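Remember, it's 1-based here, ligands and their atoms both numbered in the order they're listed. Every heavy atom of this structure was used, including side-chain atoms; hydrogens, water molecules and symmetry mates were not. It should be emphasised that the depicted structure is a prediction, and the values quoted were computed from it without experimental measurement. Throughout, residue positions are numbered sequentially from 1 according to the sequence presented.
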Amino acid sequence: MQPSSPTPANVTIGILALQGAFAEHQVMLQKASLKRRVVIVLVRQQEDLDKCDALIIPGGESTTIALLARLAGLLEPMREFLKTKPVWGTCAGAILLSRWVEGAKKGGQELLGGISVTIERNGFGSQVESFEAPLEVEGLRESNRPFHGVFIRAPVVIGLNPSPTDPPIQIISRISPSLLPASQTVVPLDEDDTDPRDPRTIVALRQGLHLLTTFHPELTKDDRFHEYFVRECVLPTITSRSSSPA
Ligand code: GLN
């Protein structure tokens with residue numbers, strides 16, 4: 001009889017489930033082709049978060065999510081969580097994950113601040129200016145096949161402001177300005193190639209453990225972004241934790 005190799009431990013991924021497209025992320029993670037078995041936890045209180053190896057913050061309405069997270073006593077626990085564990089923010093989740101926001105609701109809004117960028121809420125326009133566009137994404141499985149980007153009242157990254165001690169920011173996708181709706185006012189449409197230092201066409205980036213996308217991969221039928229998050233952001237932290245001395 002062959003000796004059986006040890007079964008790799010499950011990975012537990014939390015999805016913040018207070019408001020927005022959390023159910024869509026859940027469906028996508030359930031059907032994604034992943035190398036490890038993933039246990040999904042819908043996070044509504046700190047006990048849920050405590051079980052997780054990683055967290056996804058969905059799209060929705062960032063001010064509402066922040067308010068509900070404050071009421072659930074989750075803001076501080078999530079700020080602690082992201083110091084050691086990967087977090088992926090999509091759209092409203094990307095706003096929450098940013099360190100600074102422009103166009104915040106009157107009276108301000110609370111952020112988690114895991115990624116040192118400035119983001120402009122609704123920067124690509126209002127609900128009626130929502131749009132879809134093919135995206136090239138570095139590191140995605142079959143990366144020469146474009147990923148269908150769904151942008152709904154999407155935020156725009158307007159500044160990369162890492163401090164010297166922050167991990168570097170890695171840009172993994174930019175949108176071509178020619179694919180943006182004419183009504184949006186943030187990115188100049190007459191420039192085919194924006195200045196490479198210009199952040200406004202960035203739609204997906206990584207910093208340290210974290211991933212930020214200004215669009216909604218969970219609203220497509222394409223599991224490649226969920227697979228990417230697990231493979232690139234989550235599994236390396238699990239492996240390094242299980243191999244570090246006790
Ligand atoms: N504009 C929304 C906000 O400020 C985000 C929209 C979305 O997640 N689709 O939270």
Side-chain angles (χ1 to χ4, degrees), residues 14-29 42-44 55-72 74-75 78-79 82 87-135 137 147-159 172-173 175 179-181 183-187 199-206 210-222 225-226 229:
I15 305 171
L16 187 64
L18 300 173
Q19 190 267 337
F22 56 87
E24 289 81 353
H25 272 294
Q26 184 179 16
V27 170
M28 193 59 106
L29 269 184
L42 293 181
V43 173
R44 298 197 167 100
L55 179 69
I56 297 176
I57 308 178
E61 178 53 53
S62 57
T63 51
T64 308
I65 297 175
L67 189 66
L68 294 173
R70 153 88 42 220
L71 292 173
L74 271 170
L75 274 184
M78 284 197 289
R79 287 182 182 130
L82 59 74
V87 180
W88 174 20
T90 58
C91 202
I95 298 172
L96 278 154
L97 198 48
S98 298
R99 198 159 299 161
W100 302 277
V101 63
E102 291 280 323
K105 263 219 170 124
K106 228 173 155 192
Q109 69 182 92
E110 293 191 274
L111 305 175
L112 301 176
I115 292 191
S116 37
V117 299
T118 306
I119 202 157
E120 177 166 1
R121 242 180 110 229
N122 303 333
F124 282 132
S126 64
Q127 185 79 18
V128 288
E129 283 136 12
S130 298
F131 64 99
E132 302 184 6
L135 303 171
V137 185
F147 191 88
H148 189 74
V150 178
F151 294 82
I152 304 170
R153 285 184 296 122
V156 174
V157 176
I158 55 170
I172 59 169
S173 183
I175 188 166
L179 298 176
L180 290 167
S183 51
Q184 68 80 34
T185 52
V186 179
V187 181
R200 294 170 297 174
T201 53
I202 298 170
V203 293
L205 61 80
R206 292 174 62 176
H210 311 310
L211 174 64
L212 176 156
T213 54
T214 59
F215 52 97
H216 289 268
E218 76 285 9
L219 299 185
T220 67
K221 293 200 164 20
D222 192 341
F225 244 103
H226 290 75
F229 177 61

Per-atom contacts of ligand 1 with [X], taking only distances under 4.0 Å to non-hydrogen atoms:
{"X": "Ile95", "value": "3 (C), 4 (O), 10 (O)"}
{"X": "Gly59", "value": "8 (O)"}
{"X": "His216", "value": "7 (C), 8 (O), 9 (N)"}
{"X": "Ile152", "value": "6 (C), 7 (C), 9 (N)"}

Below 4.5 Å, heavy atoms only, C-beta onward: do [X] and [Y] meet side chain to side chain?
{"X": "Thr220", "Y": "Met28", "value": "yes"}
{"X": "Leu82", "Y": "His210", "value": "yes"}
{"X": "Leu211", "Y": "Phe225", "value": "yes"}
{"X": "His216", "Y": "Glu24", "value": "no"}
{"X": "Leu96", "Y": "Met78", "value": "no"}
{"X": "Ile175", "Y": "Phe131", "value": "yes"}

Among all protein heavy atoms in this structure, tell me which lies nearest to [atom], with the distance rounded to 0.1 Å.
{"atom": "atom 7 (C) of ligand 1", "value": "Cys91 SG, 2.9 Å"}
{"atom": "atom 10 (O) of ligand 1", "value": "Ser62 N, 2.4 Å"}
{"atom": "atom 1 (N) of ligand 1", "value": "Asn122 OD1, 2.5 Å"}
{"atom": "atom 2 (C) of ligand 1", "value": "Arg153 NH1, 3.5 Å"}
{"atom": "atom 5 (C) of ligand 1", "value": "Gly60 O, 3.4 Å"}

**Q.** Glu110 atom CD, over 12 foreign heavy atoms within 6.0 Å
**A.** yes
**Q.** Pair Arg200 + Glu120, salt bridge at N-O below 4.0 Å
**A.** no
Q | Contact partition for Arg121 relative to ligand 1, non-hydrogen atoms under 4.0 Å | A | side chain
(Q) Tell me the contacting part of Thr90 for ligand 1: side chain, backbone, both, or neither, using a 4.0 Å heavy-atom threshold, strictly below. (A) neither
Q) Got an N/O contact under 3.5 Å between Thr63 and ligand 1? A) no
